[in-house]
Amino acid sequence: MQDESMEAEPPWLLDLTLGYVDYVPGEVPDPVSVFLLGRCPSEIHITVEVVKGPDNRTSAVKLCKERFATKESRLHAFYAAGCDPAAFDCPATSGPPIKARIS
C-alpha cells in the first residue's frame with residue numbers, strides 16, 4: 001500500500017478459524033505433521049465470519065491484531081473444552097461452526 005487510503009468502499013473479508021481434532025484426545029495437531037507430512041486430523045471445525053474490511057492502513061493493522069486475538073481466544077477455548085465446537089463462541093451472525101470428518 002503506497003497510499004494511506006485504500007478504496008472508496010472498504011472490501012468485505014471472510015475470516016476463517018479452523019480447529020483440528022487429532023487422533024489422540026486433547027492433542028493439538030502439529031502444523032508440520034498436517035501440512036508437510038500429510039497426517040490429516042480426524043476432524044476439522046471451521047467458523048466463517050464476514051467482516052467489513054479496513055478503509056486505511058492504520059485500520060488494517062488494528063483489524064488484523066483484533067481478528068488474530070479473537071482467533072487465539074477461540075482456539076484456546078476449543079482445545080481447553082476437549083475440541084467442543086460450541087467453545088468457539090461465535091457471534092450469532094456467523095452461523096454454526098462447520099464440521100468436516102475425515103476418514
Side-chain angles (χ1 to χ4, degrees):
M1 282 184 229
Q2 295 177 349
D3 190 0
E4 186 64 20
S5 64
M6 293 173 76
E7 296 179 16
E9 172 111 10
W12 288 87
L13 308 173
L14 286 179
D15 183 1
L16 282 71
T17 303
L18 284 70
Y20 300 99
V21 178
D22 212 339
Y23 295 96
V24 178
E27 179 182 3
V28 177
D30 176 11
V32 171
S33 67
V34 172
F35 296 110
L36 296 179
L37 302 177
R39 181 174 179 244
C40 294
S42 62
E43 294 177 8
I44 301 172
H45 295 266
I46 305 167
T47 61
V48 180
E49 284 186 80
V50 178
V51 180
K52 187 170 183 175
D55 56 1
N56 61 52
R57 184 181 205 78
T58 303
S59 295
V61 170
K62 182 180 177 191
L63 178 66
C64 284
K65 288 180 181 180
E66 289 171 352
R67 299 311 304 171
F68 275 97
T70 299
K71 288 177 185 304
E72 288 300 321
S73 175
R74 283 185 180 155
L75 290 170
H76 177 75
F78 176 75
Y79 290 117
C83 299
D84 180 3
F88 265 133
D89 188 32
C90 298
T93 57
S94 70
I98 299 165
K99 174 183 174 181
R101 187 171 244 333
I102 301 168
S103 40

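All values below come from the heavy atoms of this structure, side chains included, with hydrogens, waters and symmetry mates left out. The first residue of the sequence shown is numbered 1, and numbering continues consecutively from there.
- By the side chain to side chain contact (heavy atoms under 4.5 Å, CB included) test, Ala77 is found to be paired with Ala87, residues two or more places apart in sequence or in another chain being considered.
- Tyr20 contributes atom OH, which lies 8.0 Å from atom CD1 of Ile46 (distance to the nearest 0.5 angstrom).
- Using a 4.5 Å cut-off between side-chain heavy atoms of Ile, Leu, Val, Met, Phe, Trp and Tyr, Leu37 forms no hydrophobic cluster with any other residue.
- Through side-chain heavy atoms spaced under 4.5 Å, either directly or across other Ile, Leu, Val, Met, Phe, Trp or Tyr residues, Val32 is tied to Leu36.
- Proximity of Leu14 to Val50: side-chain heavy atoms (C-beta onward) are separated by under 4.5 Å at one or more points.
- Between Val61 and Pro54, the closest side-chain pair of non-hydrogen atoms is not below 4.5 Å.
- Under the side chain to side chain donor-acceptor pair (under 3.5 Å) criterion, Asp15 pairs with Arg67, Lys71, sequence neighbours left out.
- For the atom pair Leu16 CG and Glu49 CD, the distance stands at 9.5 Å (nearest 0.5 Å).
- When all heavy atoms are compared, the tightest approach of Arg74 to Thr17 is NH1-OG1, 4.2 Å.
- Residues forming a side chain to side chain donor-acceptor pair (under 3.5 Å) with Thr70 (at least two apart in sequence, or on another chain): none.
- Hydrophobic side-chain contacts under 4.5 Å tie Phe68 to no other Ile, Leu, Val, Met, Phe, Trp or Tyr residue.
- Here the CG-NE2 distance, from Leu75 to His45, works out to 11.5 Å after rounding to the nearest 0.5 Å.
- Residues Val48 and Leu18 share a single hydrophobic cluster, defined by chaining ILVMFWY side chains whose heavy atoms lie under 4.5 Å apart.
- Side chain of Ser42 to main chain of Val21: a donor-acceptor pair is present (N/O by atom type, distance under 3.5 Å, no hydrogens or angles).
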